Amino acid sequence: MTNRSDQLPRRFPPGFVWGVATSSYQIEGAADAEGRGDSIWDEFCRRPGAIKDGSSGEVACDHYHRFEEDADLIAGLGIPAYRFSISWPRVQPLGSGPWNEPGFAFYDRLIDTLLARGIAPHVTLYHWDLPQALQESGGWANRDTVGRFVDYAREVARRFGDRAASISTHNEPWVVSILGHEAGIFAPGLKSQKVAMQVSHHLLLSHGLALQSLRAQGCKAPLGIVLNQSPIHPATDSPEDLAKARLDDGLTIRWYMDPLLLGRYPEDVMSFLGADAPVVEPGDMDAIRQPLDFLGINYYTRNVSGTGAPLDPIGAGKEVTAMGWEVFPGGLSELLGRLHADYALPPVYIMENGAAYPDVLADGRVADPSRIRFLASHIGALADALEAGVEVRGYFVWSLIDNFEWADGYSKRFGIVYVDYATQQRVPKDSALWYRDFLAGTRG
Ligand code: FCB
């Protein structure tokens, strides 16, 4: 690590946005409260074996009832921005038709509570909890869902667009498409490359049409999308591994960046997909390429690609997190530099970065030095990217609190605040106190 922690704060410009992030299904709980409809994750969690510890988001962190305490936590740590997502089935139980006023009232209270504490609300429209009713008519594989999403986006923006600090359409369309519809390890648990690629097209299309529609409606909030991205490194420099790494780069990075910023899908990936390439209707690509007020990037690790057995980072002597993900801060500056070189980028926000570790609460304290090192080194890499000329405007730690980590259930703790699920007690970990002190340093 080249950056001394005590010098780190001075490397960021005034006005840089510092935050923490969460998502609706992972923290809210209150699955049956006040008219909320089922989401595909409620349904997926009921399938035996789908979630490692057999758990679900039914109760989660009970944030729905504890949002004021959580807002106090954010304020108490001096964190100026909070990214959260809206649960579509909470505000529109069937994904079409009537709005659920109590659901909207919850987000209304949340946003006002944040603003009253001086915390900027950054809203994500879709962090994976599709209304189950829409899945029953084909979900994202059905082109009609695009129109449903645009209606939902318009209603959220109409109500909250003047108070939201930003609105992101989608969180990590690659994960929705591939992990949900090809690998089948996330909701809705399908296993088809063809379906997955059609889903990715509909997600991108819904993003573009929503942006068009929100702008036409006069939405004041800056609008963007959030992509998960990792630099892809070839396992060796053999021609086969180089080709595989190039293809994986196409499937994970260029498949999203090219349509959003250049208005086309990468040709090498289209020809690799062959008959599994998505159906694209005339006008779709223009609709997808809308001006972005910002691009959100979630960064966790690098990926190593090759034709041989997958690299075992632990066996290879690499430092890993509890997810088994290699700790690789330099990948963040490398990724940002590459995107900056290849595309005319809008301002970038790192919308998620963080790590799971096997945290233990002992005597009222959680000592998590590995997470502190993780955060400090990645923030250092971010400073490097800024100095190299990439226009990065913000950084959000994933996550504010320990929460439901999808197929891993509650077995992985990403929070800078510990949650004792038996009592719902929140205990700031050492990393939260480190972040608090670091942020105090940025204020000079
Ligand atoms: C990202 C997700 C987020 C969280 C982190 C660990 O892919 O956006 O919800 O699960 O990973």
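Quantities reported herein were computed from a predicted structural model and do not represent experimental measurements. Counting starts at 1 for both ligands and their atoms, in listed order. Counting from 1, the numbers follow the sequence of the chain as shown.
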Which atom pairs, one a donor and one an acceptor, fall under 3.5 Å between side chains of residues 177-184 and the rest of the protein, sequence neighbours left out?
residue, atom, partner, partner atom, Å
Ser177, OG, Ala196, O, 2.9
His181, ND1, Val176, O, 2.8

(request) Indicate, with yes or no, if the rings of Trp174 and Trp255 have centres closer together than 6.0 Å. (result) no

(request) Answer with yes or no after comparing the ring centroid distance for His170 and Trp140 against a 6.0 Å cut-off, counting only values under it. (result) yes

(message) Is the ring pair Phe438/Trp434 parallel, tilted or perpendicular, if the boundaries are 30 and 60 degrees?
(response) parallel

Distance-only criterion, 3.5 Å: show the donor-acceptor pairs between side-chain atoms of residues 54-61 and protein atoms not counting sequence neighbours.
residue, atom, partner, partner atom, Å
Ser55, OG, Asp53, OD1, 2.5
Ser56, OG, Glu58, N, 3.1

Which pairs of nitrogen or oxygen atoms, taken one from ligand 1 and one from the protein, are under 3.5 angstrom apart?
residue, atom, partner, partner atom, Å
ligand 1, 7 (O), Glu172, OE1, 2.5
ligand 1, 7 (O), Glu172, OE2, 3.0
ligand 1, 8 (O), His127, NE2, 3.3
ligand 1, 8 (O), Asn171, ND2, 2.9
ligand 1, 8 (O), Glu172, OE1, 3.3
ligand 1, 8 (O), Glu172, OE2, 3.4
ligand 1, 8 (O), Glu352, OE1, 3.0
ligand 1, 8 (O), Glu352, OE2, 3.0
ligand 1, 9 (O), Gln26, OE1, 2.7
ligand 1, 9 (O), His127, NE2, 2.8
ligand 1, 9 (O), Trp406, NE1, 3.1
ligand 1, 10 (O), Gln26, NE2, 3.4
ligand 1, 10 (O), Glu405, OE1, 2.7
ligand 1, 10 (O), Glu405, OE2, 3.2
ligand 1, 10 (O), Trp406, NE1, 2.9

(message) Once side chain to side chain donor-acceptor pair (under 3.5 Å) is applied, do any residues pair with Arg36, and if so which ones, sequence neighbours excluded?
(response) Asp42

